[in-house]
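Right, one structure below, let's go through it.
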Amino acid sequence: MSPQSEHRWFFEPETFPVRHIGSTDAEVQEMLEVLGLPSLDALVQATIPQDIRLQNPLNLPSQRTEQDVLGEMKTMAQQNTVYRSFIGMGYYDCVTPPVILRNILENPAWYTQYTPYQAELAQGRLEALLNFQTMVTDLTGLPLANASLLDEGTAAAEAMAMCFAIGKSSRPAFFASKGCHPQTLAVVQTRAESLGITLDIGMVDNIDWEQHAYCGLLLQYPTTDGFLRNYQDLAQRAHEAGTHVVVATDLLALTLLKPPGEFGADIAIGSSQRFGVPLGFGGPHAAFLSTKEEFARQMPGRIVGASKDAKGKTAYRLALQTREQHIRRDRATSNICTAQVLLANIAGLYAVYHGPNGLKRMAERVHGMTQVLVEGLTRLGCQVTDEMFFDTIRVSSVSLKPENILKQATHHGLNLRSFEDGSFGISLDEATTLDDLETLFKTFSKDGRIWFSPKELAEALTVSIPAPFARTTPFLTHEVFNRYHSEHELLRYMHRLQSRDLSLVHSMIPLGSCTMKLNATSEMIPVTWPEFSRIHPFAPQDQTAGYNQLFQQLESWLSEITGFSGVSLQPNAGSQGEYAGLMVIRAYQKHRGEAQRNICLIPVSAHGTNPASAVIAGLKVVPVSCDKQGNIDVADLQAKASQHREQLAALMVTYPSTHGVFEESIREVCKIVHEHGGQVYMDGANMNAMVGLCRPGDIGADVCHLNLHKTFCIPHGGGGPGMGPIAAASHLTPFLPGHPIRNPSGDQAIGAISAAPYGSPSILPISWAFIALMGGDGLTHSTKVAILNANYMAKRLEKDYRVLFRGKNGLSAHEFILDLRPFKKSADIEVEDVAKRLMDFGFHAPTISWPVAGTMMIEPTESESKAELDRYCEALITIRKEIEAIEEGRLPRDDNPLKNAPHTIDVVTSSQWVHPYTQEQAAFPAPWLRDYKFWPSVSRIDNAYGDRNLVCTCPPMEDIIKKPEA
Ligand SMILES: *Cc1c(COP(=O)(O)O)cnc(C)c1O
């Protein structure tokens, strides 16, 4: 029985857990009966080793109603004060077009999508991402862009790592200009340290090219305090010295300015935030990275490319997938997995909506306003440097003290950037009005009065950018950026894209290790409240009391759930949590005088981000083998630990294992590592199997990350945003990540991991709301149901498929693996064929070929009803029958419903149907499809073709189809 139905009094309103958990108590009982178990507690006893089970209930508040929690959330939000922020530093206020706000950002059909690995049912977001890439390549003037990175700071660090890798690691030195944003420099600094790169920060005019062999040079264009410099000669000088040039830049400015690709940049990076994505106190926003084609193989993150499907039709998919960390592991140069897809989609659609002319007009307006600002401030007797600028100026007053200016600014509800020398930075944006300028003038006026109006200054002005800064090349010329400027047109375009994508609004997406659970509407609603979304990341502390309270509570709840004493909310993806956690371990060991410890043990079954993160944290990876059951081979661990006892830094372990099992040996594993001087990093991706039942801190781990976009309800957004906070034991908490602008940690903190102090704060209300709504009892109950659902499905499927790696009592944790390898021999059927056939049933495939090639890993989560679990089982059982028909020769091995899947409406309605099975079997293999059918929009996509003919910007359609085979 769920805690709610046990205790609920007739007059009490209904609390949230019954909405979050898919099955009723009666259905839970039915599923338990199928497993031959009397109760959920009996299930827990049979799955979780006794010596790690949590003895007391979680010390968290009780479950609540949605209205109640939303009410509290509103009160909390109202403790934040929304000022007009002119702080700049890479973060701008902007206007999210309402049509995009409601139909993308607030729309579950977009935000509940998974990463587009199953491209045939992800054509909509892949096209949107291709638009984003095209926009970035056009504006930066470099031909190849990826589909987003985590933030501008991380993008800069990734660019540095690229330069280092392009130079085959032979030049461990990098130069960054002082003109970069301070948080960018901080993130780069942290990464340089861990990669063993010497980072010089200074004025670019003073670079001693004779003395240093830099692998790369980082510039900001325009600089953090607004100046435009002509970098042409500098870039040439750098190239002569064999140094690659990275330019951090601004997309809106580039509509008017000469793009970096035209003055010698090898890599351009930046944030696309101001293209319609709310400030959100620092994130989530999509960063970008573009480069030359020759560096395609060193590019971090995911790239969308065009290819063709089985019928020759243009189709999109993730290009060069083999570069991902999953394959490269400890040879990977980047650990990025979850990125910022939803936000990249928004930025790309913002460009579609405004088009090249709209964007240019907007940029001219922002630049014109800035000219008015300069004119007015000069009239008021202020000093403004007379260098070229776009939207940012640095100003000081001769007659007013900085504290008085600040006082005036606060009085008017404005935030300015304060420099140490008493001058101020002012950055204007799309949302700036003439009234704002008037207020700014009053702020800088001695008596608070002005004798001229911004309007009259504006009327006397002409806006133009002189050579050599002016942009002369066209951009966004592709049709998609020139067609959808009215709201109707855009709405229909977005809806057309949406209709090609399968998401949680259609059916369950049981992705092993990725936990696609309910993202409840109540949890999502606060995200776009202005009190959360319109706050600049460097707004003064006293304007963010609501956020402060939210962070504090969330941190304390996550501490309780993990059994750790401190939490850092800074890492903005699981991969960044891994990197941060390992850096914390390194700092601790250095502090103890054991800086030499640089070996990281990682079981071979680990997720690809683990070895990749270890490498970027400067550690050497030593693999530990697994036994036939998929468990860590304890003898091998013992041997490797003692072999490296002087150098052992850490073990990275996922619990329950990536094979879906609560390993009995986990305590011993942790003990062995500690005995040899190492620390235990626990990958918390599988926390959904642990919440309320056992805790990383009690088991013996020292630090773990939590994927809030898995266990704690932040939606996947088609591949981001996410959040990967880390929790650590008390001996490690002094070293949790710091930040140069607003340091959330103490003075022993490691450097910044993300550009913003709290990562992506505006999505933290989602996890806060989830925990508040469920309460300790609701969370614990839902973990039990998650384990039940996995075991129920495994039980139903075990007659038709072999289930790999079960725990001691034949039970799995919250996910399980089906072995499809035997069908290769018996029917020529591969895991891919089953994945594509599931699409004909309206289902997204489970995780395929990870952690074991040729298998599927199914994780149903607690949010799916028994009816939905049964439907998925029936689909798989039906597919098994089709495989049987092939095995028995009733269907040919090369022409059957699996090999030809997915079946599009074109194929099925074609008058030239030539297959040895019916159109009906192709399209309607299960009865429920008569009621509702999701049609895949393309046939099976040819991945190899796309990689041979890399097209990563909007292609003219004829082009790709005609291009000859390479
Ligand atoms: C999802 C996952 C990660 C990576 O997390 P991101 O948020 O995608 O960076 C790491 N380890 C495991 C086991 C995972 O499932």
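Computed from a predicted model, the values in this text were never measured in an experiment. Whatever order the structure lists them in is the order used to number ligands and atoms, beginning at 1. Throughout, numbering of the chain's residues begins at 1 and tracks the sequence.
Listed by number with element, the atoms of ligand 1 under 4.0 angstrom from any heavy atom of Cys337 are 8 (O), 9 (O). Of all the atoms in ligand 1, the ones that sit under 4.0 Å from a non-hydrogen atom of Asp683 are 10 (C), 11 (N), 12 (C), 13 (C). Within ligand 1, the atoms closer than 4.0 Å to a non-hydrogen atom of Asn707 are 1 (C), 5 (O), 6 (P), 7 (O), numbered from 1 in the order shown. The ligand atoms of ligand 1 that sit less than 4.0 angstrom from a heavy atom of Glu578 are 10 (C), 11 (N). Near Ser575, meaning under 4.0 Å from any of its heavy atoms, are these atoms of ligand 1: 5 (O), 6 (P), 9 (O).
Ser605 contributes no side-chain N or O that, together with a main-chain N or O of Thr658, makes up a donor-acceptor pair within less than 3.5 Å. Panel note: side chain Asp819, backbone Thr855; no donor-acceptor pair is recorded below 3.5 Å. A donor-acceptor pair under 3.5 Å is formed between the side chain of Asn519 and the backbone N or O of Cys713.
Residues Leu149 and Ile336 meet the side-chain proximity criterion, which asks for heavy atoms closer than 4.5 Å.
Looking at ligand 1, you won't find any N or O of Ala685 less than 3.5 Å from one of its N or O atoms.
Looking at atom 8 (O) of ligand 1, its nearest protein heavy atom turns out to be Thr338 OG1, 2.6 Å. Here the protein heavy atom with the shortest distance to atom 2 (C) of ligand 1 is Lys710 NZ, 2.4 Å.
Counting heavy atoms under 4.0 Å from ligand 1, residue Ser513 touches it through both backbone and side chain. At a heavy-atom cutoff of 4.0 Å, ligand 1 is contacted by the side chain of His709 but not by its backbone.
For the pairing with Thr515, the side chain to side chain donor-acceptor pair (under 3.5 Å) check across His709, Lys710, Glu859 returns one residue only, Glu859.
Considering every non-hydrogen atom in both Gln118 and Ala835, the closest pair reads NE2-CB, 3.9 Å.
Asn791 and Ser812 share a donor-acceptor pair across their side chains, judged by distance under 3.5 Å alone.
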